[in-house]
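Working notes, structure below.
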Amino acid sequence: MQQTQERSLPIPDADSAAHSDRVASHVRSLIGSSCISFAEYMHAVLYTPGLGYYAAGATKLGASGDFITAPEVSPLFARVLARQCATVMAKLSSASILEFGAGSGRLAADLLARLAELDALPHRYMIFEVSADLRERQQTMLASAIPEIFERVCWLDRLPVEHRGVVIANEVLDALPVERFVRRSDHVAQLCVALEQDRLVLVERPAPAILADAVAEIEHDLGFTLADGYVSEVCLAAEGWLADLAGLLHEGVALLFDYGVNRREYYAVDRDSGWLRCHFRHHVHANALALPGIQDITAWVDFSAVAAAAAAHGLNILGYVTQAHFLLDGGLREELAGFAELPLATQLQLSSQIKFLTLPGEMGENFKCLGLSRGPAGILDSLARANRANSL
Ligand SMILES: C[S@@+](CC[C@H](N)C(=O)[O-])C[C@H]1O[C@@H](n2cnc3c(N)ncnc32)[C@H](O)[C@@H]1O
């Protein structure tokens, strides 16, 4: 159904191509004489220890990698976030911060540096990172970027039983493996990965009950049956992730940032090929079977599903805003005090970073922040003024 190579993509260097061949062999061994679900494929090519995109040595984030995230674009993202963390932690005793999936460690470094300036350092800064490779990179980076605060940072092998403070996850939900489905007139099919003359191809098989039920619930929410041939994604893993988050958040706020939309937008009639995106050296495309293990695979987030799962596990929905509103209402202006006195080159650099973070055609509209809370969290300016939680 889908070719394994995108002709327009850059050619990987010899080492990367050899690594991708090893990952493809691993995928072939998983498939055997049958097929694996798309979520199993995505999990294998992203997270297999020593092989997967996130679990092996390639540079992933930044200009020399495959994609760029808000904290990598500008420290202003972390600085505004620091103000929100300080507000939450001021109401709690011995509050800590827990970051899921810390990437290069850039966000943690800039956030802690700003919290030190605000005299609002957390008791501890905990990182829960599934990738051993990224964990090592984060340790090296943070030890050199913030040596005087480094002792407050720790890496967790398992989630804390009880957390009081702030939870942060930037572009983690979009990295959870998704199932892909095709609506057929009389049934729901699951897209799976199989072999055709040794090439990876997508095939359909009848959806297992858990996926068919999820699609039935989506159609119930929409109030209509999706059209024959409609292809989209469902992140079944999000429910468990939210259950873990709700289980540990004893008191405080969780801020989840990602590109995503509400359920009506996610399953809009004209969105009939889904929201899957692959990133290879800053080229964005939709062929997830290309370049196994050396490209990122992500899917936009259905924030209605995330909010519903959070609420089902007892969390309050504090707010749902665009990234632009989160930054503009959360103190971006205050973070730019003294802008006029900066050298012209720095002003130009900051202006272009702000545009990238806030303009609708860049990261401003597509990226959202969903704020969840437990206990008396109070109001966060970043989430309150343009809150569109009632659209979820
Ligand atoms: C797209 S990167 C984002 C990195 C970073 N947060 C940033 O904004 O630059 C996704 C990150 O989430 C991590 N990750 C994926 N699934 C995870 C999970 N279930 N728990 C914790 N981290 C996870 C990946 O290893 C990676 O560090």
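Start at 1 and go down the list; that is how both ligands and their atoms are numbered. Along the sequence shown, the residues carry numbers beginning at 1.
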Ligand 1 to [X] polar contact by distance, N or O atoms, under 3.5 Å:
X: T69; result: yes
X: E129; result: yes
X: N170; result: yes

### Message
Looking at D110 and R114, is any side-chain nitrogen of the basic one under 4.0 Å from a carboxylate oxygen of the acidic one?
### Response
no

Show me which atoms of ligand 1 lie under 4.0 Å from any heavy atom of [X].
X: S131; value: 25 (O)
X: G101; value: 4 (C), 5 (C), 6 (N), 11 (C), 12 (O), 13 (C), 21 (C), 22 (N), 27 (O)
X: F128; value: 20 (N), 21 (C), 22 (N)
X: G103; value: 4 (C), 5 (C), 27 (O)

### Min heavy-atom dist L107 to ligand 1 below 4.0 Å
no

### Task
Take every heavy atom of F257, measure it against each atom of ligand 1, and state whether any distance is under 4.0 Å.
no

Region of [X] that comes within reach of ligand 1 [heavy atoms, distance under 4.0 Å]:
X: L134; value: side chain
X: Y47; value: side chain
X: P71; value: side chain

### Query
Is the gap between the ring centers of F257 and F367 under 6.0 Å?
no

#### Entry: Protein contact of atom 23 (C) of ligand 1 - nearest heavy atom, named by residue and atom, plus distance
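Atom 23 (C) of ligand 1 sits closest to the protein heavy atom V130 CG2, 3.5 Å.
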
### Query
Looking only at protein heavy atoms, which one is nearest to atom 10 (C) of ligand 1, and how far off is it?
E171 O, 3.2 Å

### Query
Is there a ring-ring contact (aromatic ring centres under 6.0 Å, His included) between Y259 and W275 once you walk through the steps?
CA-CA 10 Å; Y259 41 108; W275 296 85; 9.2 Å; no

### Task
Assign the ring pair F128 / F100 to parallel, tilted or perpendicular, where the plane angle (0 to 90°) is split at 30° and 60°.
perpendicular

### Message
Using 30° and 60° as the class boundaries, would you call the ring planes of F77 and F326 parallel, tilted or perpendicular?
### Response
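Ring orientation, 0 to 90° scale: tilted.
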
### Distance, nearest 0.5 Å, that separates CZ of R83 from CD of E334
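Between R83 CZ and E334 CD, I get 5.0 Å after rounding to 0.5 Å.
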
### Query
Distance-only, no hydrogens or angles: does the Q323 side chain make a donor-acceptor pair with backbone N or O of L357 under 3.5 Å?
yes

#### Entry: Q295 side chain vs A290 backbone, donor-acceptor pair below 3.5 Å
yes

### Query
Do Q190 and E179 have side-chain N/O donor and acceptor atoms under 3.5 Å apart?
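Yes - a donor-acceptor pair under 3.5 Å links their side chains.
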
